[in-house]
Amino acid sequence: MAEENANIGGTSEDEDESTDDPNLQLELSAFRAQWMSELKPSSGASGMSHRLLRAKSVRKTQEIAREEKATELFLRAVQEEQNGAVYEAIKFYRLAMQLVPDIEFKINYSRPPDADRVGGNYMDDNIADGEIEDLLAYFEQQLTLESSFPKICTPEFEMTQMHISALPREILMYIFRWVVSSDLDMRALEQLSLVCRGFYICARDPEIWRSACLRVWGRNCTKLLPFKSWREMFLQRPRVRFDGVYISKTSYIRQGEESLDGFYRAWHHVEYYRYLRFFPDGHVLMLTTPEDPLSVIPRLRTRNTRMESALLGHFRLSHETDNQTKVFAVVCKKKEEKATDFQKNRFCRRNPASEAEHSFHVGLHLSSRGRQSFSKLVWIHHSCHITYKLTGETVITTFDLDKMYSPFFFARVKSYTAFSEQPL
């Protein structure tokens, strides 16, 4: 017993010596606290709160998944409706609203519906000019710091063939002018600037935008003020657009003749379109026809159309003192080839009708529609000038601008800028 007590006493002394270490005391305290927290049973309230939080998180995940599926179905329905499949669209609309009844108000429509707007609409560029200039300077500084002989761009992977970066900058700028082309396709230039930093710098070259401004406004484009850059002038100064056609649709109900038995009277629904196609060289094409845009627009790609009812002329932009931009155009029918002498002698008359030239003078007010700039033309004047060649007399007939003269709205046509005939 004495030895056991001695051993026990020795052990307690060693333990007391070992517990004097403060680091060991901290470790033991932490171990005891962790051990006690694990052994202590959780109360009913804390267990219930954990289960409620877990249930809420599961419910929220299910709601998010259900809303994503409803959004996908709703957008699919919109696409089917635009393609003309109404019954398919109704089916997807119904499925989407069964999942989320108010899904229509939860969808973010900020994304443009046109899938072709990959490069962004340069007409709707909301970036401030200061930010653009800073970004341009930042890209130029980066290219300068990377190499003492900076290139416009560098290949991402090793190539055995010659890369476009080997071309001098002058050649690249000439290629960019081909991209813009004589049709002033500045939208394609903006898309090209998204390729890399070097292309962004080339697409912001002031000379390209200055040439585009001169093509649009000519002699009225001598001063840059109040704009900070030529690009800002082209984007913000009112002008007509060349990458599409302005369309005006007019429809009305006309009363017909009464039937022979007097029981009914016919009513006719009259519908026709007016088309205006502007060209960068100052020409304008005007057409009035009952044919729908799907069949007419492809034939208006160039001003050398073979449509007999088309009127060809010139236009000019006028900036009035009231801060409004107006478009004035004079159009007339294409001159027909003179008849041969045989035809003249065959149908000759003693008193031939005096030859006359008909020209139409049109005045329009240029404005914007929603987020689309310069996309609306409102009638302000329309008259017909008849000039008799024998006497030189001119007779002017002015038309009343009633409800039959509906405004023109712009529609972009991709095929008009699909090919380049000559550079800018």
Side-chain angles (χ1 to χ4, degrees), residues 119-141 144 169-170 172-174 176-177 179-194 197-244 246 278-284 314-329 363-378 380 410 417 423-424:
N121 192 344
Y122 72 91
M123 303 302 302
D124 302 328
D125 191 358
N126 294 324
I127 303 176
D129 293 329
E131 294 180 1
I132 291 179
E133 292 176 357
D134 294 341
L135 186 61
L136 183 62
Y138 174 73
F139 283 164
E140 290 179 345
Q141 182 181 8
T144 305
R169 183 164 182 171
E170 293 78 11
L172 282 175
M173 295 307 303
Y174 189 69
F176 275 53
R177 289 180 177 272
V179 172
V180 177
S181 76
S182 58
D183 294 327
L184 297 183
D185 187 11
M186 309 305 292
R187 185 176 184 277
L189 182 66
E190 293 289 276
Q191 289 180 327
L192 189 61
S193 67
L194 301 178
R197 295 173 300 179
F199 280 23
Y200 184 92
I201 295 174
C202 293
R204 294 298 190 273
D205 187 78
E207 188 59 32
I208 290 183
W209 293 94
R210 178 177 176 274
S211 301
C213 293
L214 290 176
R215 288 290 306 276
V216 175
W217 293 285
R219 294 179 300 175
N220 297 325
C221 187
T222 56
K223 296 181 180 180
L224 182 60
L225 298 177
F227 304 100
K228 297 179 181 179
S229 63
W230 294 105
R231 181 176 179 271
E232 181 184 349
M233 176 187 289
F234 188 88
L235 297 181
Q236 298 184 7
R237 188 174 179 180
R239 56 178 173 78
V240 293
R241 296 183 59 174
F242 309 116
D243 56 343
Y246 289 86
F278 296 96
F279 297 91
D281 57 359
H283 283 85
V284 60
H314 294 80
F315 76 94
R316 64 178 179 88
L317 296 175
S318 175
H319 299 277
E320 303 293 341
T321 55
D322 54 357
N323 235 4
Q324 294 182 352
T325 300
K326 299 178 181 179
V327 183
F328 295 98
L364 301 163
H365 167 58
L366 181 63
S367 61
S368 300
R369 180 193 181 192
R371 297 181 60 185
Q372 294 185 357
S373 304
F374 328 126
S375 60
K376 184 178 179 180
L377 293 173
V378 183
I380 58 177
F410 180 79
T417 54
L424 174 66

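We count residues from 1, following the sequence as given. What you see below is based on every heavy atom in this structure, not just the backbone, and it leaves out hydrogens, waters and symmetry mates.
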Check: OG/Ser367 to CD/Gln324 distance, rounded to the nearest 0.5 angstrom?
Finding: 9.0 Å
Where do [X] and [Y] come nearest, in terms of heavy atoms and distance?
X	Y	answer
Ser368	Ser373	OG-CA, 3.5 Å
His365	Thr325	ND1-O, 3.5 Å
Phe328	Gly363	CD2-CA, 3.9 Å
Val284	Ala329	CG1-CB, 4.1 Å

Within the 4.5 Å heavy-atom criterion, are [X] and [Y] side-chain neighbours or not?
X	Y	answer
Phe410	Asp243	yes
Leu224	Trp230	yes
Arg215	Ser182	yes
Tyr246	Leu364	no
Val327	Phe278	yes
Trp209	Glu232	no
Glu190	Arg204	yes

Notebook entry, point to check: Which of these, Arg169, Glu170, Arg177, sits in a side-chain contact (heavy atoms from CB on, under 4.5 Å) with Met173?
Noted result: Arg169
Notebook entry, point to check: Using the benzene-type ring in the case of Trp, are the ring centres of Phe176 and Phe199 under 6.0 Å apart?
Noted result: yes
For [X] and [Y], indicate whether the former's side chain and the latter's backbone hold a donor-acceptor pair under 3.5 Å.
X	Y	result
Ser181	Pro423	no
Asp205	Glu207	yes
Arg239	Phe234	yes

